[in-house]
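To start, the structure itself, in structure tokens.
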Amino acid sequence: MPALEFDINKIKNDFPTLKQSINDNPLVYLDSAATTQKPQSVIDAINEFYTSQNANVHRGRHTLSEHATTLYEQARDKTADYFNVLSKEIVWTKGATEAINLVGNGLRSRFNKDDTIIISALEHHANIVPWQVLSQQTGAKLIALPVNDDGTLNIKQCSDFIKQNKPSLLTITQASNALGNITNLEPLIKAAKEINSLVLIDGAQGAMHLKPDLRELNCDFYVCSSHKMLGPTGLGVLYGRYEALNALDVYQTGGEMIDKVYLTHSTYRPAPAKFETGTPNIAGVLGFSAALDYLDTLHSSNIQQYENDLFTYAVEKLVSIDGITIYSNLSNNIGTLSFNFKDEHPYDLATLLDGYGIAVRAGHHCAQPLMTHLGLNGTLRASFCFYNTHKDVDIFINSLKECIDLLD
Amino acid sequence: MPALEFDINKIKNDFPTLKQSINDNPLVYLDSAATTQKPQSVIDAINEFYTSQNANVHRGRHTLSEHATTLYEQARDKTADYFNVLSKEIVWTKGATEAINLVGNGLRSRFNKDDTIIISALEHHANIVPWQVLSQQTGAKLIALPVNDDGTLNIKQCSDFIKQNKPSLLTITQASNALGNITNLEPLIKAAKEINSLVLIDGAQGAMHLKPDLRELNCDFYVCSSHKMLGPTGLGVLYGRYEALNALDVYQTGGEMIDKVYLTHSTYRPAPAKFETGTPNIAGVLGFSAALDYLDTLHSSNIQQYENDLFTYAVEKLVSIDGITIYSNLSNNIGTLSFNFKDEHPYDLATLLDGYGIAVRAGHHCAQPLMTHLGLNGTLRASFCFYNTHKDVDIFINSLKECIDLLD
Amino acid sequence: MTNTFKKVTESIDKASAWQQKYREIMLLGKTLPVLPDVLKTDDALVPGCESKVWMFVEFDLKENTLVVIGDSDTRIVKGLLAIILALYNGLTPEQVVNIDAYEEFDKLGLISHLSASRGNGIKAMVDKIQTMAQHKIS
Amino acid sequence: MTNTFKKVTESIDKASAWQQKYREIMLLGKTLPVLPDVLKTDDALVPGCESKVWMFVEFDLKENTLVVIGDSDTRIVKGLLAIILALYNGLTPEQVVNIDAYEEFDKLGLISHLSASRGNGIKAMVDKIQTMAQHKIS
Ligand SMILES: Cc1ncc(COP(=O)(O)O)c(C=O)c1O
Ligand SMILES: Cc1ncc(COP(=O)(O)O)c(C=O)c1O
């Protein structure tokens, strides 16, 4: 692909939320790991749906319903294209969390005390608690991959760990939401596949920044959230290799997912339909469709290059401040800086930064086990996205210095 | 309350979707039982969220996140007010279907073969299949209230049935989505409460048209969907009497709903938090909040009176057509007409009506057992809402006559 | 295009108003023989349709042609089925793969009936016919 | 309003820039005694806060006054706690119910720290103090 221009001014301009002032300062939004801002085209798509296309999908004979259904199913095709998989392998959920729960529930009748589930200590709570529940329900053993002191995985050690423990399921994040570290997935998946383990990848943080080719990645399941990839809230994606997907037990039941319903029993449709009951988040799906279109116009290689440059710049500036400790792996990162200043509480610095219009997050970032492992109560997290500018970094760093001065 | 003016022209004007043409005819939208159209104020609220308020809720220290959280929790308060219950008794779900599944799953560890669940043959699949699943999982007996040949319930007979069968759970719809019949809930709930049964009411069809006072109704659980009450897609409400709600086992697990997470186990927060994991449908909640505000300005008594008038008018016109059979109970109805013309297939008439710009639904309306009970393959369903006009009825009736002519 | 198809669709083609178009489609449906009840098995039912659609796509080895049979409990779908049958019945696999039903339905102003979201079985029928023909060729 | 409160908040009141306001709040926090570790029990922790906040609201029967004690591991929350303590400590239940913390925080330009969505524990503390006072009166 020819090197395309990445016009950051134009891009930033596409995101209306970024144009506002917070506490009389221009907003510097560094909380994209929590949720990304939305381009105007996504907002417009939602608006258009409710203004002129609103109807329930499937089974409607009238034009509005037909049209909404077509757009809704086209969004599934686009999602499948984005990840290089088949449309029938895409299930809409309400978020990454629900997608993981769906898989956990779907394995319940198959797992027992002879099964082992491997997670890592890097995981978001969404990829920990559902497996604790499955373990309690079935007796399956739940163990965690060893994590280095810097929050990274020793891949050789982890691969051995997998081969030794022969899990039925390996479930691991593509990138840490707390530190931004990117997991080197290929060798881990290879190790798991050698012993025929199922593999689930939590792509909540990776799906937009890294645009994985899931066919190539060779995982069985992959989950992500629309709201973390420029799309609307209330929507997630579950990819499942068709055979693995269709083999899962049904999760929620009701309308749409059924074939025949009698008073005493029912029959279900094949995947993905059998996992999609009730009226879906239609506006969410159509907005997500627009988000994928938008990402497509930018090209993922350009996004990655720009984000890497920006991250390198931010790291350089941040390390130059005396007393700062950065916990993120700086060489392989989706653009998230997790740090502390001396032994100051992140709450104070986050509150003060907000005074300067800077949105960062403070706390355990839904990764308590990781924080415990690192011996921390929490960190300040500044997470970048391709709509952030070098000027954002400058304002952030200068404001941080002023906040530090305020603490004395 | 003084009789307020119900200005239908102004109201219809608030719904942009209704202003369009379908197949060169003005749209006559008679599919509100599937999903309602949205007033401009709801569309604006969603738009405003994504344009200037977008942030993740809870645990964010920055202004955007604080603000979004405040609006999000205010919506919960408004919903509680609407139903006259407490805010902590309101759980956000992705729809009525998920809400029912949540309750079903929450009872799983408590139910066994000595328990009986009573549903009715009137129910939507969403209030049938989850109970079949619970019955299969726990051995609990699943039985259905007897339904008259006209799709109504004989209340005396049903009350006796309840007292005889002593269910642990009675779960029944407030109004049939296929026929529009309103259930006379009070005596049924009274009968159930006499034998200490839990009571769940499926309010998907009733919540907007009937605005129930849930404290007075004395049910334990009540579910409804935002998209059927002028609000966005992808959002539902579960009300639970606090004690009954908090006693349910957790459903989905992950972030937000936890208190402490260790690698081996976790502790959960009290209801409603323990049922709300993952990033919620924030835009959906804020849009729903605007929908409740809108309903509030119209006053529910005015809505009900207008809808009754309109329904009566539509019935009069429809019965005057030779060969029409109406299946709905005409004296106590939320505004839904379910009918057939001779033995014509509803598919044909729905397709032809669409040519005239009229959106009705054809089929079993996710109520196969009811259709079987009535000996029908399906019906045509014209469902009205307060934004429909008498002129809509006229166009509908005239077009229906022309469609019937086309069949000859 | 076969002559049958041209003859069959001539009146639809000529219809100016949409009402007339539907009338012709329904008339066409009436010309289609009713499938004997014994053939209306659950196996032959196209899944996921509002209306009932039964379909059989067979291959006549002797003649090297496709045999397509179908019925529906609705008038409009049955008429659309009749069009599909006229389009493909009795053709060799090579002929079948060269005929694009989407194009023909588009020309007739009926393309919306072939969209994926219409659960009327017509699209499923076309897909099955094309798959069978492809299969026979390779 | 008690004199303690006036004295304590004078500097916050006077601060013009928000930076100065926070500086004064944090200075105030430094004046608050550190809670002995034995008192920092899980029971005393305000649930659901990002920062750790421990609080005790007791009633001095002899003096008929409320005794409020608190600590936090953050500077800002500790400073806000100091304001609450200055506002209510040593008052009778009757006096307590007549003092509206929301009003006072609003006057000080700190109302956002008392919003329900701020999980900083200050609101929970105010609620607990008011509940206790109401309870003693009735
Ligand atoms: C009576 C009834 N219950 C439940 C539902 C399911 O609602 P949803 O699809 O919004 O989950 C519906 C919707 O059609 C309904 O009409
Ligand atoms: C790595 C990771 N997994 C899962 C989730 C859960 O996503 P959601 O809250 O959208 O369900 C998140 C969101 O914070 C995340 O960062």
Side-chain angles (χ1 to χ4, degrees), chain A residues 16-17 20 22 34-35 37-38 43 46-47 50-52 54 56 59-64 94-95 97-98 101 121 124-126 128-130 132-133 144 225 227 232-234 252-255 258 261-263 265-266 277-279 281-284 347 350-351 354 359 361-363 366 368-369, chain B residues 16-17 20 22 34-35 37-38 43 46-47 50-52 54-56 59-64 94-95 97-98 101 121 125-126 128-130 132-133 144 225 227 232-234 252-255 258 261-263 265-266 277-279 281-284 347 350-351 354 359 361-363 366 368-369:
Chain A
T17 321
Q20 68 191 297
I22 297 288
T35 199
Q37 296 303 335
K38 322 301 175 201
I43 304 174
I46 299 167
N47 208 54
Y50 285 126
T51 303
S52 66
N54 181 63
N56 211 325
R59 303 178 174 264
R61 276 290 66 69
H62 56 81
T63 303
L64 275 185
K94 73 171 171 178
T97 302
E98 173 167 271
N101 276 268
H124 185 281
H125 294 161
I128 300 177
V129 193
Q132 293 176 344
V133 170
S225 283
H227 73 92
T233 56
Q252 293 180 359
T253 57
I258 52 88
V261 177
Y262 308 92
L263 270 180
H265 67 284
S266 301
T277 186
T279 302
N281 187 353
I282 310 169
Y347 181 100
T351 305
D354 183 51
R361 190 148 291 227
C366 286
Q368 288 179 10
Chain B
T17 321
Q20 70 192 295
I22 297 288
T35 199
Q37 296 303 335
K38 322 302 174 200
I43 305 174
I46 300 167
N47 208 55
Y50 285 126
T51 303
S52 65
N54 180 65
N56 212 325
R59 299 175 177 268
R61 278 288 66 68
H62 57 79
T63 302
L64 275 185
K94 72 171 171 177
T97 302
E98 173 166 271
N101 276 270
H125 293 161
I128 300 176
V129 193
Q132 294 176 343
V133 170
S225 284
H227 73 92
T233 56
Q252 295 181 358
T253 56
I258 51 87
V261 177
Y262 308 92
L263 270 180
H265 68 284
S266 301
T277 186
T279 303
N281 187 353
I282 309 168
Y347 180 99
T351 306
D354 182 51
R361 190 148 292 226
C366 288
Q368 288 180 11

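Keep in mind it's a predicted model, so treat the numbers as computed, not measured. Naming: A, B, ... by sequence-line order, numbering from 1 per chain. Both backbone and side-chain heavy atoms feed into the values below; hydrogens, waters and symmetry mates do not.
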| query | How close do C366(B) and G255(A) get, heavy atom to heavy atom, and via which atoms? | reply | SG-CA, 4.2 Å
| said: For a quick check under 3.5 Å, do S266(A) and Q132(B) share a side-chain donor-acceptor pair by atom type? | reply: yes
Contact check, side chains of [X] and [Y], non-hydrogen atoms, under 4.5 Å:
X      : Y      : result
L64(A) : Q20(B) : yes
T51(B) : I43(A) : yes
Y50(B) : P16(A) : no

Which atoms of [X] come close to chain B, meaning under 4.5 Å heavy atom to heavy atom: side chain ones, backbone ones, both, or neither?
X       : value
I282(A) : both
A144(A) : side chain
L263(A) : both
V261(A) : both

Quick one: of [options], who has the most non-hydrogen atom pairs under 4.5 Å with chain A?
options                           : answer
N47(B), N56(B), V133(B)           : N56(B)
G363(B), G95(B), G284(B), P130(B) : P130(B)
I128(B), I46(B), T97(B)           : T97(B)
A283(B), G278(B), A359(B)         : A359(B)

Look up atom [atom1] in [X] and atom [atom2] in [Y], then write down how far apart they are to the nearest 0.5 Å.
X       : Y       : atom1 : atom2 : answer
E98(B)  : E98(A)  : CD    : CD    : 5.5 Å
T63(A)  : I22(B)  : OG1   : CD1   : 5.0 Å
T277(A) : H125(B) : OG1   : NE2   : 10.0 Å
T279(A) : K94(B)  : OG1   : NZ    : 11.0 Å
N281(B) : T233(A) : CG    : OG1   : 4.0 Å

| message | Checking the side chain of N101(A) only, and the main-chain atoms of Q252(B) only, is there a donor and an acceptor separated by less than 3.5 Å? | response | no
| task | Just do the side-chain contact (heavy atoms from CB on, under 4.5 Å) check on T35(B) and N54(A) with the steps written out, would you? | result | CA-CA 8 Å; T35(B) 199; N54(A) 181 63; 4.0 Å; yes
